[in-house]
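Take a look at the structure below.
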Amino acid sequence: MEEKLAELKARLAEIYDLRAASAVLSWDQQTYMPPGGAGARAEILATLSRLAHEKFTSTETGRLLDELKTTLDSADPDGDDVRLIQAAARDYEREHKLPAELVAEFARAAALAHEAWVKARSEKNFQAFLPALEKIFTLSRRAADYYGFADSPYDALLDGYEPGAKTADVRRIFAELRDGLVPLVKAIAARPETDDSVLRQRYAEQKQWQFAEEVIKKLGYDFDRGRQDKAPHPFCATFGLGDVRLTARVDENFLPTHLMSAIHEAGHGMYEQGLTPSLARSPLFDAPSLGLHESQSRLWENLVGRSRGFWKYYYPRLQSVFPENLDGVDFGVFYQAINKVKPSLIRVEADEVTYSLHIMIRFEIEVDVLEGRLAVQDIPGAWNAKYKDYLGLDVPDDSLGCLQDVHWSMGYVGYFSTYTLGNLASVQIFEKAMADEPAIPADIERGEFASLLGWLRMNIHQHGRKYQPGELLQRVTGRPLDSAPYLAYLQRKYSEIYGL
Ligand code: ZN
């Protein structure tokens with residue numbers, strides 16, 4: 001059986017390599033590739049996706065997995081090899097259902113849709129994106145039919161990002177959040193509006209870039225095994241052991257855009273950099289789910305990066321980098337500004353309190369399209385109506401509306417709800433870290449992040465995808481995912497900031 005296992009691992013390593021090659025090319029498409037390369041790139045990505053899919057779903061892989069599964073009963077259930085076989089078997093089960101031509105067509109459509117989206121967004125022209133977006137939703141729906149589902153096609157797609165999660169769970173969580181958040185948003189709206197003009201001055205791009213780089217380096221993101229480049233949409237991409245990259249976007253007229261998203265993406269990057277090296281080139285060299293991945297990025301961005309303790313350390317440093325903007329500006333004014341709660345149009349710039357409402361809107365639209373209640377061409381209308389309804393805002397054009405996010409253009413339908421799941425998990429995890437390591441808050445105030453990162457490495461990062469998402473959260477925090485700690489955290493923090 002040792003030989004079979006070695007054979008399986010060798011196959012899985014080659015499949016990992018093919019996918020990593022796709023990741024490099026996709027990263028390049030979003031950073032440096034000239035627009036003229038889109039057609040050729042779409043073909044390359046389609047070929048690589050098809051090859052990886054064919055190799056993974058081949059009868060040879062299936063036979064190896066079947067033989068190896070018979071050895072599982074007698075082995076240590078938490079051993080890396082057992083977990084590897086189980087994870088690969090689950091992936092096989094899922095991917096095997098998709099025909100290779102659909103996989104290739106999806107990769108090609110996504111690469112072309114991405115180019116169409118970049119252009120449509122800059123021209124504020126939804127019609128220019130519509131054919132590509134219709135294709136993405138049609139292919140997503142076809143994939144859901146191949147995967148199979150009991151209740152909603154959304155279940156089938158969500159399972160690819162958040163194994164084990166159900167549309168009904170997401171609905172329940174959103175209902176709980178709505179009940180908790182709406183009164184909080186109202187109470188805050190009744191208080192005087194925070195003046196955040198201090199953040200809306202001109203902050204030179206080069207200095208912003210340097211400051212954010214210093215911050216994420218100190219948090220623990222390792223530039224010897226990573227780098228940061230510009231892209232229209234911030235993301236984190238891993239090409240394998242020792243190469244975990246971040247992208248960023250700078251707004252010279254709003255300080256938090258770059259800094260907070262750099263911290264966010266570094267949170268993803270530190271997770272990937274903390275994976276156990278022996279898991280490299282295997283299906284375990286990843287996080288168990290997007291929700292857990294997001295729990296790490298949001299933990300660093302919000303629970304650390306928007307905390308009083310963090311700014312006690314960093315505000316004087318920020319003042320020294322931008323004296324022309326911040327000399328004489330009180331700490332309290334800055335801290336309130338960086339935590340300003342106000343309904344806004346752009347998800348990635350949303351405050352912690354209203355953020356989930358942005359996700360709810362996307363979730364509802366995706367479910368409606370997939371279940372046939374909403375036509376893709378009617379998305380802008382539905383989007384704008386929901387922004388009016390949930391956030392009280394008029395959407396002036398689609399670049400500030402349904403064209404703002406990269407996800408659909410990359411074929412990621414069923415993805416958005418994992419952001420909210422990640423937010424909930426971030427608070428549960430952070431509270432457990434502080435219970436285990438009471439020095440963490442004081443360390444953060446001194447600009448020391450090793451105790452927190454060390455705890456996260458030990459309890460979460462190193463395991464990669466060894467555990468299922470629900471299983472890992474239970475092991476780490478002793479509880480399943482729960483909206484109560486998240487709501488209590490928001491209540492506590494913003495009652496203090498807004499004097500509720
Ligand atoms: Zn993220």
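These numbers were taken from a predicted model, which means no experiment stands behind them. Whatever order the structure lists them in is the order used to number ligands and atoms, beginning at 1.
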In terms of heavy-atom contacts, Thr31 and Lys230 come closest through CG2-O, 3.6 Å
_Both conditions, 6.0 Å and 45 degrees, for the charged tip of Arg298 above the ring of Tyr355: are they met here?_
yes
Of all the N, O or S atoms in Glu294, the one nearest to the Zn ion (ligand 1) is OE1
So the angle subtended at the Zn ion (ligand 1) by His268 atom NE2 and His264 atom NE2, rounded to 10 degrees, is 100°
Report yes if some heavy atom in the side chain of Tyr486 is under 4.5 Å from a heavy atom in the side chain of Gln428; otherwise report no. no
Q. Under the side chain to side chain contact (heavy atoms under 4.5 Å, CB included) criterion, do Tyr315 and Phe334 qualify, and how do the steps go?
A. CA-CA 8 Å; Tyr315 187 57; Phe334 179 84; 3.3 Å; yes
message: I'd like to know if the Zn ion (ligand 1) has an N/O/S atom from His293 within less than 2.8 Å of it, counting both backbone and side-chain atoms.
response: no
